[in-house]
Amino acid sequence: MDRIKLAKSSNFFSKMNSIKNLFPGFALDLVRQLFNVASLVRYNPGEFLLHPGQAIRSMLLVRSGKVKLYREDKNGNEYFLFYLLPGQACASTILSDMLCVTSKISVKAVETTEVWLVPQLEAQQMMLKHKSWNDYIIRNLQLHIHQLMQVLDFTVFKSMDERLEHYLETQCKTQESPCLQLSHQEIANDMSSSREVISRLLKKMEQKGKVKLYRSQIEVIS
């Protein structure tokens with residue numbers, strides 16, 4: 001983890017513009033306040049932003065990269081929830097600002113990722129002061145509720161092969177490419193399944209012309 005000093009940067013205006021471009025709905029006074037109070041932190045691939053049970057002291061806003069959110073059972077089995085992409089905030093940290101809770105999920109950088117950390121007190125004050133901040137928070141909460149409902153629907157009502165197809169489609173959307181650098185074991189971990197089951201289902205999809213399988217790469221055929 002690398003904490004980047006924003007305020008001392010000689011690139012002040014370009015940093016301000018980067019915030020405004022990523023959050024076009026933010027009023028200018030909100031952009032200035034965010035620039036002054038937030039810390040920009042860089043995480044390397046595989047680094048954790050949050051662990052279950054960890055006290056949440058800041059709200060996370062993704063500037064660049066991709067962040068994975070997942071649940072983990074007592075045996076260490078993972079269940080993938082969804083990704084955070086640039087311009088999005090972590091719903092768990094939004095709620096912590098209002099409810100003072102600890103994290104119930106794992107949050108991990110998938111690739112080199114930069115996030116703004118907004119202290120809880122500052123985030124609460126911005127809710128009282130800036131309508132554009134409240135609108136942003138509500139949109140993020142609506143998005144994450146929708147994503148969690150999708151996870152629930154596919155888990156309860158869909159077969160494993162349907163869940164796998166949805167998982168691969170979701171992966172493609174987050175990187176805007178049909179070629180996924182994923183091993184069968186990584187997919188199995190995300191779906192709380194076994195590598196053997198995932199390999200069998202992927203082979204079945206390949207036979208139907210839905211994917212092409214390579215070594216540690218899967219091409220999704222649209």
Side-chain angles (χ1 to χ4, degrees), residues 1-7 9 11-28 30-50 56-70 80-97 103 105-120 122-123 126-127 130 132-148 150-151 167-182 186 190 220:
M1 181 179 71
D2 183 17
R3 191 172 292 269
I4 306 162
K5 298 297 184 182
L6 288 181
S9 170
N11 241 342
F12 176 84
F13 290 107
S14 106
K15 295 290 186 182
M16 286 280 286
N17 286 335
S18 74
I19 296 176
K20 184 62 179 173
N21 291 338
L22 195 58
F23 306 103
F26 284 5
L28 186 58
L30 173 56
V31 173
R32 291 197 187 98
Q33 185 172 356
L34 182 61
F35 182 89
N36 289 328
V37 304
S39 299
L40 184 59
V41 180
R42 180 182 294 125
Y43 292 87
N44 296 318
E47 279 194 280
F48 283 88
L49 287 69
L50 282 174
I56 303 173
R57 307 189 187 282
S58 300
M59 182 174 165
L60 305 179
L61 283 71
V62 180
R63 179 180 184 271
S64 63
K66 184 163 68 173
V67 176
K68 173 183 172 182
L69 281 71
Y70 62 93
F80 171 72
L81 298 176
F82 52 82
Y83 289 114
L84 291 179
L85 302 174
Q88 297 180 353
C90 179
S92 180
T93 61
I94 293 173
L95 294 174
S96 74
D97 290 333
S103 179
I105 58 174
S106 295
V107 183
K108 183 169 66 174
V110 176
E111 56 194 44
T112 301
T113 299
E114 291 181 355
V115 300
W116 279 291
L117 301 182
V118 184
Q120 285 186 356
E122 299 290 347
M126 287 191 288
M127 289 182 67
H130 301 287
S132 55
W133 180 253
N134 285 331
D135 291 343
Y136 171 75
I137 288 176
I138 291 171
R139 284 196 305 272
N140 271 269
L141 288 174
Q142 289 174 331
L143 171 64
H144 296 325
I145 289 171
H146 172 71
Q147 290 171 314
L148 288 173
Q150 278 192 320
V151 171
Y167 171 87
L168 295 176
E169 289 171 2
T170 300
Q171 297 288 328
C172 290
K173 288 177 182 178
T174 63
Q175 65 177 41
E176 298 181 350
S177 169
C179 294
L180 306 174
Q181 301 292 330
L182 286 170
E186 288 174 308
D190 280 349
V220 180

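Since the structure is predicted, the reported quantities are computational estimates derived from the model, not experimental observations.
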For the [atom1] atom of [X] and the [atom2] atom of [Y], what is their distance to the nearest 0.5 Å?
X	Y	atom1	atom2	answer
Leu30	Ile19	CG	CD1	9.0 Å
Tyr136	Phe23	OH	CZ	4.0 Å
Gln120	Ile56	CD	CD1	7.5 Å
Trp133	Ile138	CH2	CD1	12.5 Å
Leu28	Lys20	CG	NZ	6.5 Å
His144	Leu84	NE2	CG	5.0 Å

> Can Met126 and Val118 be said to form a side-chain contact (heavy atoms from CB on, under 4.5 Å), step by step?
Replying inline: CA-CA 10 Å; Met126 287 191 288; Val118 184; 3.4 Å; yes
>> Which residues pass the salt bridge (charged side-chain N to carboxylate O under 4.0 Å, His left out) test with Lys68, not counting sequence neighbours?
In response: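 Lys68: salt bridge (charged side-chain N to carboxylate O under 4.0 Å, His left out) contacts with Glu78, Asp190.
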Quick one: does any side-chain atom of [X] pair with a main-chain N or O of [Y] as donor and acceptor, under 3.5 Å?
X	Y	value
Gln88	Leu85	yes
His130	Val31	no
Tyr70	Lys108	no
Lys66	Thr113	no

Nearest atoms (heavy-atom pairs only) where [X] meets [Y]:
X	Y	answer
Ser58	Pro119	OG-CA, 4.0 Å
Val220	Cys172	CG2-SG, 3.6 Å
Gly25	Ser132	O-CB, 3.2 Å
Glu186	Tyr167	O-OH, 4.5 Å

Considering only heavy atoms from C-beta outward, does the side chain of [X] approach that of [Y] to under 4.5 Å?
X	Y	answer
Gln150	Thr170	no
Val115	Tyr43	yes
Leu50	Ser106	no

> What's the verdict on side-chain contact (heavy atoms from CB on, under 4.5 Å) for Phe82 and Leu143, showing C-alpha distance, side-chain angles and the deciding distance?
Replying inline: CA-CA 11 Å; Phe82 52 82; Leu143 171 64; over 6 Å; no
> Does a donor on one side chain and an acceptor on the other come within less than 3.5 Å for Tyr83 and Gln147?
Replying inline: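 No - no donor-acceptor pair under 3.5 Å links their side chains.
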>> Against Cys90, only a single residue in Val62, Asn140, Val67, Leu60 fulfils side-chain contact (heavy atoms from CB on, under 4.5 Å); can you say which?
In response: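 Of the listed residues Val62, Asn140, Val67, Leu60, the side-chain contact (heavy atoms from CB on, under 4.5 Å) partner of Cys90 is Leu60.
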>> As a quick check of understanding, evaluate side-chain contact (heavy atoms from CB on, under 4.5 Å) for Ile137 and Met59, giving each step before the final call.
In response: CA-CA 11 Å; Ile137 288 176; Met59 182 174 165; 4.1 Å; yes
